[in-house]
Student: 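The structure's right below; bear with me while I get my questions together.
Values below: all heavy atoms of this structure, side chains included; hydrogens, waters and symmetry mates excluded. Residue numbers start at 1 and run along the sequence shown. Quantities reported herein were computed from a predicted structural model and do not represent experimental measurements.
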Amino acid sequence: MDVMGDKATLFETGRFVQPSGEEATPDESRDETADAVETGEAVEEMSLRLAAQAGDVEAVSVLGAMLLRRGDLDGAEPHLRAATAEGDRAAANNLGVLLHQRGYPDEAAGWWRVAAVAGSAAAAHALGRHRRECGDEPAAEYWLRQSAEQGHALGAYALADLLEHRGDPGAEQWMRAAAERGHREAAYRLARALDHQECRGSRTDGDTEGCEHDNGVIVRAEAEQWYRQAAARGHRRAPLHLGTILERRGDLKEAGRWYLTSAKDGEARAACALGFLLRDAGDTESAAIWWLRAAQEGDGNAANALGALHAERGQTQTAERWYRAAMDAGDDNGAYNLALLCAEQGRTVQAEQWYRRAAYAGHREAANALAILLLQGGDTAGSEPWFSKAAEAGSVDAAFNLGILFAGRGEEAVALRWYERAAAAGHTEAALQVGIARLRDGDEQEAERHLRCAAGGGSAEAAYRLAAVLDARRPPQPAHELGETVHEKTECEEWYERAATQGHRRAQVRVGMLAAARGDVVEAARWYRTAAEAGSRNGAFNLGLLLAREGSEPEAAVWWTRAADAGHGRAALRLALVYARRGELAEGQRWADRAVSLGPGEVAERAARLRDALREELSA
């Protein structure tokens with residue numbers, strides 16, 4: 001217990017005492033005692049000596065404290081003992097400090113007890129800390145409480161620390177009291193506690209709806225207030241957390257100032273955070289400078305950032321060096337990033353090695369990537385445990401991949417459980433698979449819910465299937481004449497259009513059909529053509545029908561030919577009829593034969609009759 005670092009404990013007389021919440025480390029105290037004696041202090045010392053010689057007990061006590069502060073233990077001791085003998089409690093406290101510095105903690109404790117009993121809050125604090133170091137927590141709590149209840153900031157902080165160690169809920173009260181009296185470490189720790197409370201959320205009933213509730217806002221604001229107080233008093237880590245709060249809120253300029261303050265004080269994490277802030281602002285060069293500073297101080301995250309920066313520039317050797325530095329700093333992302341680098345270069349063996357290292361360290365995305373690598377290599381049995389490990393650790397992609405794995409084995413029920421787990425975490429493709437499964441089971445309401453999630457997440461297939469579900473519920477629409485005024489689009493049409501815009505060919509055909517049904521020929525042709533050019537045989541067939549109705553049968557035949565070549569039986573039958581009308585009977589018969597082979601049944605029957613008629617005509 002280095003009580004010497006507490007100036008309030010050291011100098012309890014009115015002339016030398018610092019504000020009760022002022023903290024000083026042992027190093028700061030030693031720096032102060034090493035300073036040269038200023039002229040004013042020399043004059044004051046002379047006055048004190050004269051007063052002491054005249055029998056002024058307070059002067060004797062203050063003179064002893066002055067010499068103790070200067071580090072002159074031999075000169076201070078006789079004055080402090082003399083004042084203590086006269087009943088001066090400040091002298092008794094300072095005598096304890098002196099003896100503690102000389103290596104006599106038990107004798108020091110005796111004098112602290114004398115001063116504490118006489119009402120010295122500083123001595124009670126020192127005695128409480130001493131008793132705690134001796135393992136006597138009940139006595140420590142008693143004396144620290146005596147100090148704290150007298151308004152001593154250090155006593156309140158030490159009591160809070162003791163109670164917190166025991167899990168006593170009264171710790172917060174005293175930590176707050178110390179912070180309110182200006183104790184910077186108490187302010188910092190109180191802010192951290194509030195930060196953690198805000199992260200956990202103030203609701204304990206499981207209802208997470210509306211996370212921006214009033215209590216959460218209040219807790220966050222209070223945490224910010226205490227961080228500001230600790231930062232203003234020179235706490236090195238407080239500006240880092242204050243900057244994080246401000247960055248999260250969008251106050252990037254002020255966040256940068258606090259990160260800079262903390263980084264200049266040697267906080268590597270703040271230098272790293274400042275680097276990311278600068279990178280996001282487009283100043284990559286300055287970002288690299290701060291990342292380098294943080295990485296050199298052992299920050300693995302900064303080393304990873306430097307690795308990624310050099311990898312983007314194509315400087316793979318330098319990137320690899322920084323990823324290795326991140327690993328050496330204990331950052332598992334270093335191994336994962338190194339594995340990604342190796343995989344991009346086709347160094348599969350090394351990639352697997354680094355994926356394994358990160359995965360064994362608990363990196364869930366590395367476990368998922370390792371499983372994919374093993375699966376691609378044909379090791380299905382080896383991939384499953386890693387998918388499971390990653391999924392259990394919270395990897396949404398791994399949960400989805402497990403669904404694919406089990407579905408491939410025909411274990412649909414198990415696959416669905418994993419799809420549902422991934423979908424609940426927001427995985428778009430997993431939500432689509434759950435929606436499809438629910439449609440298959442006939443649970444249309446649940447299917448719609450999942451399809452909406454997947455469609456909202458950007459899945460074109462989900463948008464198309466959702467539109468189909470809604471389409472099936474629509475009442476029959478009255479027929480429209482071509483060129484009739486277009487009606488307002490329904491929700492199902494909007495989903496079809498969203499899927500079509502994303503390149504979904506069946507949706508493009510369906511949008512074309514809906515446009516044609518409401519008489520918008522131009523819109524219908526546009527979507528049919530888009531689908532046909534993307535390889536949709538239905539799009540090509542429908543475009544041909546539209547062109548034929550508009551009198552462009554030669555162009556229609558071109559699109560029907562494309563559709564028939566892709567296996568569309570109706571398009572082949574249309575071509576057979578076109579060539580038959582033109583008198584090109586052999587070509588008509590050829591397409592009729594093709595239509596018979598392509599089907600479906602009704603088309604094949606009609607095509608067979610046409611083929612037989614053409615054959616008779618040709619043989620006549």
Side-chain angles (χ1 to χ4, degrees), residues 207-212 396 400 403 415-416 419-546 549:
D207 182 4
T208 57
E209 184 178 354
C211 59
E212 289 296 321
V396 180
F400 176 67
L416 182 57
Y419 285 145
E420 286 177 330
R421 183 166 175 173
H427 196 287
T428 298
E429 292 304 315
L432 169 63
Q433 294 304 319
V434 175
I436 292 172
R438 294 305 179 206
L439 279 176
R440 193 167 53 240
D441 296 340
D443 188 351
E444 189 174 291
Q445 184 176 359
E446 192 66 10
E448 181 184 341
R449 183 173 73 84
H450 281 94
L451 290 174
R452 284 187 182 278
C453 290
S459 170
E461 181 66 24
Y464 172 74
R465 288 179 180 267
L466 174 60
V469 169
L470 298 172
D471 204 1
R473 297 177 188 164
R474 290 198 309 167
Q477 297 292 316
H480 293 268
E481 295 295 330
L482 292 179
E484 186 176 335
T485 304
V486 177
H487 72 285
E488 187 177 347
K489 294 176 184 176
T490 63
E491 186 188 6
C492 85
E493 288 178 278
E494 290 174 353
W495 283 113
Y496 277 135
E497 284 197 8
R498 179 180 292 197
T501 304
Q502 292 176 263
H504 195 285
R505 290 184 301 179
R506 283 181 296 169
Q508 290 167 345
V509 173
R510 185 63 181 145
V511 171
M513 292 171 67
L514 291 170
R518 63 175 180 262
D520 191 345
V521 180
V522 175
E523 184 74 357
R526 181 172 74 85
W527 283 111
Y528 286 151
R529 189 179 299 276
T530 300
E533 290 174 348
S536 169
R537 61 189 187 186
N538 285 330
F541 175 70
N542 288 356
L543 180 58
L545 289 178
L546 202 64
R549 289 173 64 184

Student: Kindly give the heavy-atom pair with the smallest separation between Cys492 and Ala467, and that separation in Å.
Tutor: O-CB, 3.4 Å

Student: If you measure from the Lys or Arg side-chain nitrogens to the Asp or Glu carboxylate oxygens, is any gap between Glu448 and Arg452 under 4.0 Å?
Tutor: yes

Student: For residues Leu432 and Ile436, determine if any side-chain heavy atom of one lies less than 4.5 Å from a side-chain heavy atom of the other.
Tutor: yes

Student: Considering only NZ, NE, NH1 and NH2 on the basic side and carboxylate oxygens on the acidic side, decide whether Arg518 and Glu523 come within less than 4.0 Å.
Tutor: no

Student: So, Arg526 and Glu497, do they make that salt bridge, N to O below 4.0 Å?
Tutor: no

Student: Which pair of heavy atoms, one from Gly539 and one from Ala532, lies closest together, and at what distance?
Tutor: C-CB, 3.9 Å

Student: Glu420 pairs by side chain to side chain donor-acceptor pair (under 3.5 Å) with which of Gln433, Arg438, His450?
Tutor: Arg438

Student: Please report the interatomic distance CG(Asp471) to CG(Leu514), rounded to the nearest 0.5 Å.
Tutor: 6.0 Å

Student: Minimum heavy-atom separation for Ala525 to Leu543, with atom names?
Tutor: O-CD1, 4.0 Å

Student: Can you find a pair of side-chain heavy atoms, one from Trp527 and one from Val509, that are under 4.5 Å apart?
Tutor: no

Student: Check whether any side-chain heavy atom of His504 lies under 4.5 Å from a side-chain heavy atom of Arg510, and answer yes or no.
Tutor: no

Student: Evaluate the side-chain proximity of Glu444 to Arg473: yes if any heavy-atom separation is below 4.5 Å, no if none is.
Tutor: yes

Student: Are the side chains of Arg537 and Arg505 in contact, using a 4.5 Å heavy-atom criterion?
Tutor: no

Student: To the nearest 0.5 Å, what is the distance between CD on Glu446 and CG on Leu439?
Tutor: 11.0 Å

Student: Would you call Glu494 and Arg498 a side-chain contact if the rule is heavy atoms closer than 4.5 Å?
Tutor: no

Student: Taking the inter-plane angle between the rings of Phe400 and His427 on a 0 to 90° scale, is it parallel (under 30°), tilted (30 to 60°) or perpendicular (over 60°)?
Tutor: parallel

Student: Answer whether the closest heavy-atom distance between the side chains of Ser459 and Glu429 falls below 4.5 Å.
Tutor: yes

Student: Using side-chain heavy atoms (C-beta onward) and a distance below 4.5 Å, is Arg465 in contact with Trp495?
Tutor: no

